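All residue numbers refer to positions in the sequence shown, counting from 1. Computed from a predicted structure; not experimentally measured.
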Amino acid sequence: MKFIITGSLGNISRPLAVSLVKDGHDVTVISSKKENEAAIKAVGAKAAIGSIEDEAFLIKTFTGADAIYTMVPPNFTVSDYRAYYTELGKIYAKAIKAAKVTRVVNLSSIGADLPSGQVLLPDCMM
């Protein structure tokens with residue numbers, strides 16, 4: 001199967017990519033940073049370098065995929081998390097629909113930066 005993974009090679013995306021590649025799947029990992037390309041290739045996946053805020057890039061990358069793993073990476077520079085997550089969710093939804101992908105797993109990254117797994121929501125999200 002052909003899988004697309006967002007989240008570059010983060011805490012969940014890396015083990016997922018490694019596992020899928022090990023099982024013989026065609027895996028593409030999306031990263032916004034060109035410098036991650038070698039690490040993505042090192043786990044046996046293809047790299048798609050671009051922004052998850054770029055709907056055209058996502059449509060192109062998602063097209064032909066059997067399944068997609070989506071997540072919104074943490075962005076500590078935004079003042080309104082809800083607006084940020086909502087906008088990226090809309091971009092994902094449009095790209096998924098346009099690419100005609102029927103299998104999607106979506107994960108929130110809120111708290112992913114915390115080693116204990118304890119989620120401490122900023123005031124703007126309560």
[X] versus [Y], closest heavy-atom pair with distance:
| X | Y | value |
| --- | --- | --- |
| Leu58 | Ala95 | CB-CB, 3.6 Å |
| Ser13 | Ser8 | CB-O, 3.1 Å |
| Val72 | Tyr84 | CG1-CE2, 3.5 Å |
| Asp66 | Val101 | O-CG1, 4.4 Å |
| Ala17 | Val29 | CB-CG2, 4.0 Å |

Does Met71 share a hydrophobic cluster with Ile49, counting links as ILVMFWY side-chain heavy atoms below 4.5 Å and allowing steps through other members?
no
Is there a donor-acceptor pair under 3.5 Å between the side chain of Thr63 and the backbone N or O of Ala99?
no
Only pairs at least two apart or in different chains count here, so list each ring-ring contact (aromatic ring centres under 6.0 Å, His included) that has a residue in residues 31-56.
none
To the nearest 0.5 Å, tell me how far [X] [atom1] sits from [Y] [atom2].
| X | Y | atom1 | atom2 | answer |
| --- | --- | --- | --- | --- |
| Ile59 | Lys97 | CD1 | NZ | 11.5 Å |
| His25 | Leu16 | NE2 | CG | 10.0 Å |
| Ile52 | Ile91 | CD1 | CD1 | 8.0 Å |

Compare all side-chain heavy atoms of [X] with those of [Y] and state whether any distance is below 4.5 angstrom.
| X | Y | value |
| --- | --- | --- |
| Val43 | Arg14 | yes |
| Tyr69 | Ile12 | yes |
| Met1 | Phe3 | yes |
| Ile4 | Lys2 | yes |

Thr70 vs Leu107, test: side-chain contact (heavy atoms from CB on, under 4.5 Å). Steps then yes/no.
CA-CA 6 Å; Thr70 62; Leu107 178 72; over 6 Å; no
In terms of ring plane angle, is the pair Phe62 and Tyr92 parallel, tilted or perpendicular, where the classes change at 30° and 60°?
parallel
Please determine which of Ile30, Thr28, Val27 meets the side-chain contact (heavy atoms from CB on, under 4.5 Å) test together with Ile5.
Val27
Stepwise side-chain contact (heavy atoms from CB on, under 4.5 Å) test for Ile40 and Leu9
CA-CA 7 Å; Ile40 291 167; Leu9 292 177; 3.8 Å; yes
Going by side-chain hydrogen bond (donor to acceptor under 3.5 Å, both in side chains), name the pairs with one or both residues in residues 37-61, residues two or more places apart or in two chains.
Asp26-Lys46, Lys34-Glu37, Glu37-Lys41
